[in-house]
Amino acid sequence: MRQFFESGKTRSYAFRREQLIKLKNAVRKFEEPLHEALYADLKKSPEECWVTETGFLQAELSNAIKNLKRWMQPELVPTNLLNIPSSSRVMKEPLGVVLIIGPWNYPLMLLLTPLVGAIAAGNCAVIKGSEFAPATASVIRQMMEENFDKEYIFFQDGDGATEIPAMMNHFSFDHVFYTGSTAVGKIIYRMAAERLVPVTLELGGKSPCVVESDAHIKVAARRIVQTKFSNAGQMCVAPDYVLVHAGIKEKLVAALKEAIGRFYGEQPEESYNYGKIINEKQFSRLIAYLDQGTIVHGGRIDKQRLFIEPTILDNVPLDAPVMQDEIFGPVLPLIPFQTSEEALAVIAKHKNPLAFYVFTSNRRTEKKWLEEVAFGGGCVNNASWHLTNHHLPFGGRGFSGTGHYHGRYSFETFSHKKAVMKTPTWFDPAIKYPPFKGKLKLFKWVIR
Ligand code: NAD
C-alpha cells in the first residue's frame, strides 16, 4: 500500500473522482445484500437502512463527487504587510496510508463515510469492520474486493483486539480514524502516540436531552422517541437520558408513551420498525439497567430474539450504573429538575457529551443552554438530525472524541494543509537584511 501511494496514482483529480463513482455504483449494486445483512445483524428495515446507512453514504458520495474539484483547489489566502509582495496559499495534500476502524452499530455507514473523505483526499486506506456485525462485514468485504485493488483499499475483518495492534504496532499509518467506545479509543490513542500517528477519535458518552417547561411537548416526545429507539437505542448520538422540567414530567411521560405506541405498536418485538440488540453480551449488560428505577413504560424482554422493549425509567438514583455508563440501548431514564443549575450539575458529571439536545420555545433559554454546555454537536427542538447535514462538522470533544468529519470536513480530516508562500524576486529591499542597527523603529512599525 505504501508503494501504491508513493507511485502517485491516488493524487490526480481524475483518479479520485473515478474511485468515488466506483464506490457509489458499488453501494447501489450491493444495496439488497447490504440491507439483508443489516437486517441479519441488527434487524434494520430497508427504510431505516436507507436513511442511516446506504442512502446516507450515497448522499456523502454524491456531495464529494460534486465538490471534489473545488475542495482540491489550493486556497489563496491574504499575505500580511511584513511579506508583501509575496502571495500565500494552502495546498491540500493527501496524508498517505490511513487506517479506518468502524463499530458495529452502523457497520456500513460508520466505516465507509470516513472512507469517502480518505478517497477524496487522495489516500490509500485499510478499513477495519467490526467483528460484531459479521453479515454486513462479509458483504462489505465482497463489495470492496470486487471494486478496488488491495494495494489501494484493503478490507480487514476479524477480532479488533488482535488485528488492530498487529497492524498499528508494525506499520506507521499516516492517520488513524477510529469510531467506537471510549475504552478502546484510549487503547488506539496510546498505540498511535507511540509512533506519533495523528488520530481522529469518534467516541461515545452520555448525551443529555433537556426538555424545558415551555417545550412543545408532543413534538419533543415524538423526536426523542424516534431517535432514542431507532436501531434499538444503539446510536452514539441518541439521547442517553432526559432532564425534564419537573412541572411537565407527567405530560412528557404520557406523550412519550403515546409516541412509542404509535411508532412500534403494542408488541414492538413484532414491529417492522424496531430493531434488536446486537448480541447476548450487550443484551445482558442492558437488562441489568431495567431494575435501576421505576419502569413507567416497557420493560419486557426476550432473550431468544435479543429484544428489549422501549423502556422509560423514572426515580433513577444518580449513582445507579444506568446514570454512570453510556446506555447505548433502548432504556431512557427521566431525571426531573426544578432549576437549570440542578440540571447542569447532572450534565457536569459526564463532561463533553458527544451530543446535546434542548427542547424549548424560548430563544433566551436556548442560548443559555447552548452556551453553558460544552458538547460535540447537537440540536434545538430536535435530536440527532444534525449529523445528517453534511454542512455541519460531526464529532465530539474531549471525552467524546477529537476531530470531526462529514462533507468537506471529511476531506480536510484526511488532507494535510500545506502552507506555501511565494515571493517575487524583482523586489528585494536591503532593509530586511543585516546590518540591522538603527532599524528597530521601522521593525516596530511593520511588526506589531
Ligand atoms: P466495537 O466493539 O465494534 O469496537 C469498535 C472497533 O474497535 C471494532 O472495529 C473493533 O474490532 C475494534 N476493537 C475492539 N476492541 C479492540 C481493542 N482492544 N483494540 C483495538 N481495537 C479494538 O464497537 P463499540 O466500541 O462497542 O461501539 C460502541 C461505542 O461506539 C459506543 O460508545 C458509541 O457511543 C460509540 N460510537 C461512537 C460514534 C461516533 O460517531 N462518535 C458512532 C458509533 C458508535
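Counting starts at 1 for both ligands and their atoms, in listed order.
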**OP:** Would you please say whether a donor-acceptor pair under 3.5 Å links the side chains of D325 and Y289?
**Re:** yes
Subject >> R300 side-chain N/O to I308 backbone N/O, donor-acceptor pair under 3.5 Å >> reply: no
Subject >> L110 neighbourhood, listing ligand 1 atoms whose heavy-atom distance to it stays under 4.0 Å >> reply: 42 (C), 43 (C)
**OP:** Have a look at V184, D157, T182 and point out the one with the heavy atom closest to atom 15 (N) of ligand 1.
**Re:** V184
Original post:
Going by the order shown, which atoms of ligand 1 are within less than 4.0 Å of some heavy atom of G204?
Top reply: 32 (O), 34 (O)
Subject >> Y178 side chain to S181 backbone, donor-acceptor under 3.5 Å >> reply: yes
**OP:** Below 4.0 angstrom from a heavy atom of I187, which ligand 1 atoms are there? Numbered from 1 as shown, please.
**Re:** 18 (N)
Original post:
What are the atoms of ligand 1, with element, lying closer than 4.0 Å to any heavy atom of F132?
Top reply: 2 (O), 3 (O)
Original post:
Does an N or O from K128, backbone or side chain, lie closer than 3.5 Å to an N or O of ligand 1?
Top reply: yes
Original post:
Which of the listed options, F328, Y405, F394, holds the heavy atom that is closest to atom 28 (C) of ligand 1?
Top reply: F328
Original post:
For ligand 1, which part of T179 has a heavy atom less than 4.0 Å away: the side chain, the backbone, both, or neither?
Top reply: both
Original post:
Heavy-atom distance under 4.5 Å between the side chains of Y152 and K9, does that happen here?
Top reply: no
Original post:
Taking side chain as C-beta onward, heavy atoms only, is M144 less than 4.5 Å from L115?
Top reply: yes
Subject >> Distance filter under 4.0 Å to A161 heavy atoms, resulting ligand 1 atoms >> reply: 16 (C), 17 (C), 18 (N), 19 (N), 22 (C)
Original post:
So, E309 and Y264: side-chain donor and acceptor under 3.5 Å apart, yes or no?
Top reply: no
**OP:** Report yes if the side chains of I312 and I295 come closer than 4.5 Å at any heavy-atom pair, otherwise no.
**Re:** no
**OP:** Find all atoms of ligand 1 within a distance of less than 4.0 Å from any non-hydrogen atom belonging to I101, and give their numbers and elements.
**Re:** 6 (C), 7 (O), 9 (O)
**OP:** List the steps and the verdict of ring-ring contact (aromatic ring centres under 6.0 Å, His included) for H175 and F414.
**Re:** CA-CA 8 Å; H175 193 91; F414 288 102; 5.7 Å; yes
**OP:** Check each of A133, P103, G102, G180 against atom 8 (C) of ligand 1 and report the one with the nearest heavy atom.
**Re:** G102
Original post:
Do we see a donor-acceptor contact under 3.5 Å between the side chains of T294 and N315?
Top reply: yes
**OP:** Please confirm whether E326 comes within less than 3.5 Å of ligand 1 when only nitrogen or oxygen atoms on both sides are compared.
**Re:** yes
Original post:
Do ligand 1 and G205 have nitrogen or oxygen atoms that lie under 3.5 Å from each other?
Top reply: no
**OP:** Around atom 12 (C) of ligand 1, find the nearest protein heavy atom and jot down its residue, atom name and distance.
**Re:** I164 CD1, 3.8 Å
**OP:** Please confirm whether the backbone N or O of L318 pairs with a side-chain atom of Q324, one donor and one acceptor, at under 3.5 Å?
**Re:** yes
Subject >> Closest approach of any protein heavy atom to atom 20 (C) of ligand 1, naming residue and atom >> reply: G160 O, 3.5 Å
**OP:** Do me a favour and list the nearest non-hydrogen protein atom to atom 41 (N) of ligand 1 with residue, atom name and distance?
**Re:** L203 O, 2.7 Å
Original post:
Using heavy atoms and a threshold below 4.0 Å, how should the contact between L354 and ligand 1 be classified: side chain, backbone, both, or neither?
Top reply: side chain
Original post:
For ligand 1, which atoms have a heavy atom of E202 less than 4.0 angstrom away?
Top reply: 37 (C), 38 (C), 39 (C), 40 (O), 41 (N)
Subject >> W104 side chain to Q234 side chain, donor-acceptor N/O pair below 3.5 angstrom >> reply: no
Original post:
Does NZ or CZ of K69 lie under 6.0 Å from the centre of the six-membered ring of Y13, at an angle within 45° of the ring axis?
Top reply: yes
Subject >> Check: H297/T311 side-chain N/O donor and acceptor closer than 3.5 Å >> reply: no
Subject >> Shortest protein contact, atom 25 (O) of ligand 1 (heavy atom only) >> reply: S181 N, 2.8 Å
Original post:
In ligand 1, which numbered atoms sit nearer than 4.0 Å to a non-hydrogen atom of C236?
Top reply: 33 (C), 34 (O), 36 (N), 37 (C), 38 (C), 39 (C), 40 (O), 42 (C), 43 (C), 44 (C)
Original post:
Among protein heavy atoms, which sits nearest to atom 7 (O) of ligand 1, and what does the distance come to when rounded to 0.1 Å?
Top reply: Y178 CE1, 3.5 Å
Original post:
Without hydrogens or angle criteria, can the side chains of D41 and T136 be said to hold a donor-acceptor pair below 3.5 Å?
Top reply: yes
Original post:
At under 4.0 Å between heavy atoms, which part of D159 makes contact with ligand 1: side chain, backbone, both or neither?
Top reply: neither
Original post:
Side chain or backbone of W104 under 4.0 Å from ligand 1, or both, or neither, by non-hydrogen atoms?
Top reply: both
Original post:
Looking at ligand 1, does any of its N/O atoms fall within less than 3.5 Å of an N/O of E131?
Top reply: yes
Original post:
Is a donor on one side and an acceptor on the other found under 3.5 Å between the side chain of D157 and the backbone of G129?
Top reply: no
Subject >> Protein residue, atom and distance nearest to atom 3 (O) of ligand 1, heavy-atom basis >> reply: S130 OG, 2.7 Å
